[in-house]
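Each remark here refers to the structure printed beneath this line.
Letters go in sequence order (proteins before strands), and every chain restarts at 1.
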Amino acid sequence: MADPMKIRAAMSGDKVEVKILMSHEMETGQRKDAKGAAIPAHFIQTVSATHNGKVVLAAEWGPAVSKNPFLSFKFTGGKPGEKVSVTWVDNKGDKRTDEATIS
Amino acid sequence: MNSRRRQVLQGTGGMAVMGLAVAAGLFKPGSAWAQGAAWNKAAFDTRNMNDTVKALGGAGATESKDIVINSPDIAENGAVVPFTISSKLPKTQQIALLVEKNPNMLVANFSIPDGTEAGVTTRAKMGQTSNVVALVKADGKFYYTTKEVKVTLGGCGG
């Protein structure tokens with residue numbers, strides 16, 4: 001199981017600003033190890049963020065997203081104290097879900 | 001036996017949630033998202049913008065000044081290039097980031113539901129100096145804007 005995500009969700013005016021830092025290798029499959037063998041690709045493919053059961057952002061990623069990916073966006077309709085939940089799934093089927101409370 | 005049953009149950013549970021999401025109109029049937037946790041492999045295999053647009057379900061894209069790419073003009077480290085893409089186009093549904101000279105162009109594709117601001121920030125790898133394309137689907141049509149980002153140290157090789 002991968003390390004937890006760091007999620008911040010804070011009010012910014014009438015919007016909720018969500019910042020997510022995930023912990024993931026994001027191996028492209030293009031690199032080679034010391035022996036010249038290709039390192040297999042390992043990267044997050046889908047990300048979704050939900051608030052009160054409603055998807056507020058969905059994403060599909062390729063291997064070109066940086067290692068330990070950062071993602072930030074804003075949505076309307078959130079209130080302090082409510083929760084934002086983020087899930088990612090990688091190409092090996094690993095997944096992780098974390099939650100943050102809107103402040 | 002028992003653990004296998006559990007896996008099957010989990011699997012169906014996930015599908016049911018996805019089904020509900022479709023029923024609620026969150027995902028349009030036919031989009032990659034409606035087909036379960038599918039990942040649009042075809043789109044991520046494309047090597048030029050027209051193919052990417054086609055793989056995402058469009059037919060050609062128009063250049064637009066209402067899309068803004070905010071990124072450094074010169075990136076010292078190609079492994080971590082920050083990008084903020086925002087769109088002022090009404091009814092923005094999707095924002096995609098493409099790097100022309102990467103082995104595969106498409107970096108990320110974001111679906112923007114109603115109520116979410118049409119702007120995302122993320123970080124991407126760039127193999128070399130290249131044009132970066134922000135592709136936006138708004139009201140069913142595709143629009144794009146480009147920007148050159150110079151890279152002094154590539155982020156794709158070993």
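Note: the hydrophobic cluster containing A/F70 does not contain B/I112 (ILVMFWY, side chain heavy atoms under 4.5 Å, direct or indirect links). Linking ILVMFWY residues whenever their side-chain heavy atoms come closer than 4.5 Å, directly or via other members, places A/M11 and A/I20 in the same cluster. Criterion: ILVMFWY side-chain heavy atoms under 4.5 Å apart, direct or through other members. Under it, A/V65 and B/I69 are part of a common hydrophobic cluster.
Residue B/V99: no heavy atom, backbone or side chain, is found under 4.5 Å from chain A. Proximity to chain B is absent for every atom of A/I44, based on heavy atoms less than 4.5 angstrom apart. Interface remark: A/N68 contributes backbone atoms only to the contact with chain B (heavy atom separation under 4.5 Å).
Sorted by first and then second residue, the side-chain hydrogen bond (donor to acceptor under 3.5 Å, both in side chains) pairs involving residues 60-71 of chain B (not counting sequence neighbours) are B/S71-B/K147.
Here the closest non-hydrogen pair linking A/A64 and B/N102 is CB-ND2, 3.7 Å. Nearest approach of A/S66 to B/A79, heavy atoms of both residues: OG-O, 2.7 Å.
The residue among B/T122, B/V107, B/L97 with the most heavy atom pairs within less than 4.5 Å of chain A is B/V107.
Looking only at distances, a side-chain donor or acceptor of B/K125 sits under 3.5 Å from a matching main-chain atom of A/M26. Between the side chain of A/E60 and the backbone N or O of B/N40 there is at least one donor-acceptor pair closer than 3.5 Å.
Contact check for B/F44 versus A/Q45: no side-chain heavy atoms found under the 4.5 Å cut-off. Annotation: side chain of A/K67 is not in contact with side chain of B/R123 (no heavy-atom distance under 4.5 Å). At least one side-chain heavy atom of B/F110 sits less than 4.5 Å from a side-chain heavy atom of A/L57.
Exactly one residue among B/T84, B/T121, B/V120 makes a side chain to side chain contact (heavy atoms under 4.5 Å, CB included) with A/S72. That residue is B/T121.
Judged as a salt bridge (Lys or Arg N to Asp or Glu O under 4.0 Å), and not counting sequence neighbours, A/D14 has no contacts.
Hydrophobic cluster of B/I74: no remaining members, since no ILVMFWY side chain lies below 4.5 Å from it.
Of the inter-residue distances, the one linking A/K54 atom NZ with B/D114 atom CG reads 6.5 Å to the nearest 0.5 angstrom. With rounding to the nearest 0.5 angstrom, the CH2 atom of B/W39 is 4.0 Å from the CZ atom of A/F43. Note: A/K15 NZ to B/T116 OG1 = 10.0 Å, rounded to the nearest 0.5 Å.
Of residues 74-88 of chain A, those residues lying under 4.5 Å from chain B by any heavy-atom pair are A/K74, A/F75, A/T76.
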